[in-house]
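Some notes on the structure that comes next.
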There are 2 protein chains.
Amino acid sequence: MSTIGKALALLDTLSRLDKEAGLTDIARQCALDKATARRFLVELEKHGFVEQDPDTRRYRIGSAPVRLARIREARFPFLRVAIPFIEALAESSTETVHLSEFAGGQLSTIHVEDPPRAHRIIIDVGSLLPFHATASGLAFLAFCPRAEIDAALKKPLEKFTDYTVTDPRLLLTMLDETAARGFSIIDQGLEAGVISTAAPVRSPSGRPIGCVAIAAPLSRTNTAAIHEFGTQAAAAANAISEKYYGSERPTGTIAKLRRTD
Amino acid sequence: MSTIGKALALLDTLSRLDKEAGLTDIARQCALDKATARRFLVELEKHGFVEQDPDTRRYRIGSAPVRLARIREARFPFLRVAIPFIEALAESSTETVHLSEFAGGQLSTIHVEDPPRAHRIIIDVGSLLPFHATASGLAFLAFCPRAEIDAALKKPLEKFTDYTVTDPRLLLTMLDETAARGFSIIDQGLEAGVISTAAPVRSPSGRPIGCVAIAAPLSRTNTAAIHEFGTQAAAAANAISEKYYGSERPTGTIAKLRRTD
DNA sequence: AAACTATGGTTCAAATATTGAACCTTAAGC
DNA sequence: GCTTAAGGTTCAATATTTGAACCATAGTTT
């Protein structure tokens with residue numbers, strides 16, 4: 001792996017820790033030599049990507065990403081555009097609605113709207129969504145080129161619950177259904193007792209950039225309700241896509257996209 | 001320079017461009033070989049720090065910084081804490097108030113509040129503040145250890161206007177005045193017709209982490225008004241510091257800090 | 001208080017990744 | 001259909017990265 005990759009992986013690891021971490025800790029978590037980790041941290045600090053607390057000597061994410069994020073959001077205001085739709089969907093569905101974005105080969109949760117209910121699904125911003133075990137992952141993959149689907153299904157597929165589907169053939173069938181329907185459904189794939197449905201937000205070229213998903217307790221849903229949620233998620237995803245990219249629409253139909261890619 | 005440093009410098013350059021840029025452009029702007037720039041971009045893209053538009057093949061800042069920024073702000077909510085004070089100051093002073101943060105060896109503007117007046121100073125979020133030519137830069141340096149002051153004044157000091165002070169000896173005197181007074185004043189150092197005053201937000205250890213600054217048209221200010229603004233900026237900076245770090249106060253007096261560092 | 005341990009931080013020869021001139025490919029312009 | 005320019009790739013030469021061993025400091029145990 002390149003040096004840059006290792007340094008960025010360190011940054012990612014640091015960001016996923018619950019709190020500030022010391023040098024030895026960081027080196028261990030990243031499987032790097034202490035000297036290497038230190039040089040990376042010093043270099044990242046020079047550019048403001050990490051900060052070292054002068055008292056505790058522990059490291060934390062710096063402020064450079066905040067500046068970059070502002071620029072990114074100013075030019076490419078995905079959150080700003082999407083959040084109103086997510087809020088509306090949370091209100092109408094009275095279930096947890098979350099938005100994910102594809103970046104760095106992973107699908108990450110970037111926003112969550114909780115419904116005002118005592119019993120609801122809790123999802124954290126920043127959490128990663130496995131492609132094979134979440135509605136978002138499936139919805140994302142279903143509209144990707146075949147090569148990327150195969151690549152994703154070739155990796156080891158972790159079994160999170162008794163219901164997690166890990167058979168690539170079966171997953172392919174589910175992807176076909178998702179593509180045909182326009183939204184995915186995953187029954188307890190990541191967490192027991194939770195059923196989810198999701199639809200992709202796509203760029204004008206048809207490529208998915210993220211997903212809108214609704215997660216509900218299995219105990220208070222039925223097939224009809226889930227299909228209704230899926231339809232609503234797909235509508236929200238399309239609305240976000242349209243607002244985000246202007247009135248350009250994804251080229252071609254879903255079926256055509258899957259064939260030509 | 002390390003590979004990581006070069007890659008992060010590329011990211012910084014990309015963020016400062018007005019719009020998305022092509023490979024050749026980026027390579028030229030960063031003084032890198034095309035092959036090198038490409039490898040960096042590919043590596044940065046893998047981790048979500050840049051994105052390549054699939055149609056135009058141009059590159060832009062990716063979404064990874066947005067995720068990192070969320071984490072940073074959740075753990076270290078500088079903007080969230082500071083903005084109310086900046087807003088209040090803009091309202092009471094009826095001039096442009098801006099907040100800067102030190103990161104990666106530079107002082108960058110991270111927030112600006114414009115007053116509701118037709119004639120006002122315009123400052124962009126993201127703009128860099130030279131240490132010797134801005135009130136923020138001076139206020140920051142004045143509370144830094146002597147070694148850092150010397151390092152900053154040793155660099156070539158650009159003359160932005162006829163009024164920019166570039167004599168290190170004179171600047172040192174101004175820094176002493178700033179430290180004694182608690183806020184800096186710069187008369188047309190960066191832009192003709194603009195006078196500014198600033199005070200540092202400091203961590204409990206006394207180290208500046210950023211500045212609160214007020215910028216006003218020279219034509220409608222006088223010495224008394226500027227001193228009043230300076231006092232207000234210092235009060236806001238201290239209030240931010242206190243709220244941000246809890247009730248811990250910067251250790252020692254200003255004079256002591258300057259001597260012992 | 002001496003010995004121990006854990007952490008942050010540093011060094012330098014050996015190992016490895018990076019570099020860039022030259023090359024290929026594609027697409028637009030004429 | 002030729003020319004130009006941009007994106008992208010290759011591989012030997014080269015500069016950077018690596019990590020075992022080291023030092024320094026602070027807290028803890030005996």
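Chain letters run A, B, ... following the sequence lines, proteins first and then strands; every chain starts at 1. What's counted below: heavy atoms across the whole structure, side chains too, no hydrogens, waters or symmetry copies.
Heavy-atom distances to DNA chain C give each of A:Arg38 and A:Ser2 a nearest nucleotide, and the one nearer the 5′ end belongs to A:Arg38.
Using the six-membered ring where Trp is involved, A:Phe140 and A:Phe131 have ring planes that are tilted, between 30° and 60° apart. The aromatic rings of A:Phe78 and A:Tyr244 sit tilted, their planes meeting at an angle between 30° and 60°.
With rounding to whole Å, A:Asp53 atom CG is found 18 Å from C:dT7 atom P. Rounded to an integer number of Å, the gap from CD of B:Glu20 to P of D:dA6 is 17 Å. Here D:dG7 presents its P atom at 8 Å from CG of B:Asp25, a figure rounded to the nearest Å. For the pair A:Ile4 CD1 and D:dT17 C1', the computed distance is 13 Å after rounding to whole Å. Remark: C1' of C:dG8 and CD of A:Glu45 are 14 Å apart, rounded to the nearest angstrom. If you take CG of B:Leu41 and P of D:dG8, they are 9 Å apart, rounded to a whole angstrom.
Proximity of A:Arg58 to the phosphate of C:dT7: no side-chain N or O atom is located under 4.0 Å from OP1 or OP2. Between B:Tyr59 and D:dG8 there is a side-chain N or O to OP1 or OP2 distance below 4.0 Å.
For B:Thr109 and B:Ser127, the side-chain atoms include at least one donor-acceptor pair closer than 3.5 Å. No hydrogens or angles considered: nothing links the side chains of B:Arg72 and A:Ser63 as a donor-acceptor pair under 3.5 Å.
Between the A:Thr178 side chain and the A:Leu138 main chain, no donor and acceptor come within less than 3.5 Å of each other. Formation of a donor-acceptor pair under 3.5 Å by the A:Ser241 side chain with backbone atoms of A:Asn238 is not found in this model.
The two residues A:Leu128 and A:Ser108 come nearest to each other via the heavy atoms CD2-OG, 3.5 Å.
Using a cutoff of 4.0 Å between basic side-chain nitrogens and carboxylate oxygens, A:Glu20 and A:Arg58 are not scored as salt-bridged.
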Taking N or O atoms only and anything under 3.5 Å, show me the protein contacts with nucleotides 19-24 of chain C, one pair per line.
residue, atom, partner, partner atom, Å
C:dT19, OP1, B:Lys6, NZ, 2.6

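Within the 4.0 angstrom heavy-atom criterion, only backbone atoms of the sugar-phosphate kind lie near B:Gln52; the bases stay farther away.
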For B:Glu43 and A:Ser2, what are the C-alpha separation, side-chain angles and deciding distance, and is it a side chain to side chain donor-acceptor pair (under 3.5 Å)? CA-CA 8 Å; B:Glu43 207 58 41; A:Ser2 77; 3.2 Å; yes
Tell me, for nucleotides 25-30 of chain C in 5' to 3' order, what letter each nucleotide earns: B for a base near a protein heavy atom under 4.0 Å, S for only sugar-phosphate near one, - for neither? ------
